[in-house]
Amino acid sequence: MYFDTHAHYYDDAFDPDRDALLASLPARGLALVVCPGCDLASSAASVALAERYGFLYAAVGFHPENLEGAALADLDQIRTMAAHPRVRAIGEIGLDYYWVKTPEARAFSRDFFDAQLSLAEELDLPA
């Protein structure tokens, strides 16, 4: 039995055969999957997939690479999604200075990361 802790099955690369692939996973020994969002749209897509497949759970949040155009107020929508019973974590979050180069963007990224960690703590979810 396997547990895939990090799979982005909402990605466009899976469009041609997403449903067939996901339906086949349990027979292939994959018992559980966590699908982390990287922004609002992919977090919502992760929740939608988790609603369809009983072995798949969602994580919701913002990856640092996806913070362009984001605002701390967007975390209200993440909070709402995190209340869904198929959401098990705040993620995919972190600090990634490979993608985030300028001092201003890095400061915003740190603030966003701190806010997401606080949200995870508030909701008693792992990050």
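To the nearest 0.5 Å, atoms CZ (R88) and SG (C35) are separated by 14.5 Å. We find the CG-CG distance between D114 and L72 to be 10.0 Å, quoted to the nearest 0.5 Å. The structure places OG of S118 at 10.0 Å from CZ of F113, a figure rounded to the nearest 0.5 Å. Here the CD1 atom belonging to I90 is positioned 10.0 Å from the CG atom belonging to L117, to the nearest 0.5 angstrom. A distance of 10.5 Å separates OG1 in T102 from OH in Y97, rounded to the nearest 0.5 Å.
The local environment of OH in Y98 is sparse, with at most 12 non-hydrogen atoms from other residues, nucleotides or ligands closer than 6.0 Å. Within a 6.0 Å radius of CZ in F55, more than 12 heavy atoms belonging to other residues, nucleotides or ligands are found. By the neighbour-count criterion of 12 heavy atoms within 6.0 Å, atom CD of E121 is sparsely surrounded, having that number or fewer from other residues, nucleotides or ligands.
Contacts classified as side chain to side chain donor-acceptor pair (under 3.5 Å) and involving residues 68-80 (residues at least two apart or in different chains) are given here: D76-R79, R79-E122. Pairs of residues two or more places apart, or lying in two chains, that qualify as side chain to side chain donor-acceptor pair (under 3.5 Å) and include a residue from residues 15-36 are D15-R18, D19-R52, D19-Y53, S24-R28.
For the pair S109 and L67, the tightest heavy-atom approach, listed with the atom from each and the gap, is CA-CD1, 3.7 Å.
Partners of S43 according to the side-chain contact (heavy atoms from CB on, under 4.5 Å) rule, which considers only residues two or more places apart in sequence or in another chain, are V60, I78, M81.
For the pair V47 and R86, the minimum side-chain heavy-atom distance is 4.5 Å or more.
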Step by step, would you call L75 with F62 a side-chain contact (heavy atoms from CB on, under 4.5 Å)? CA-CA 9 Å; L75 293 178; F62 280 84; 4.3 Å; yes

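A centroid separation of 6.0 Å or more is found between the aromatic rings of F14 and Y10.
Of the candidates V33, L32, V34, D4 forms a side-chain contact (heavy atoms from CB on, under 4.5 Å) with just one, namely V33.
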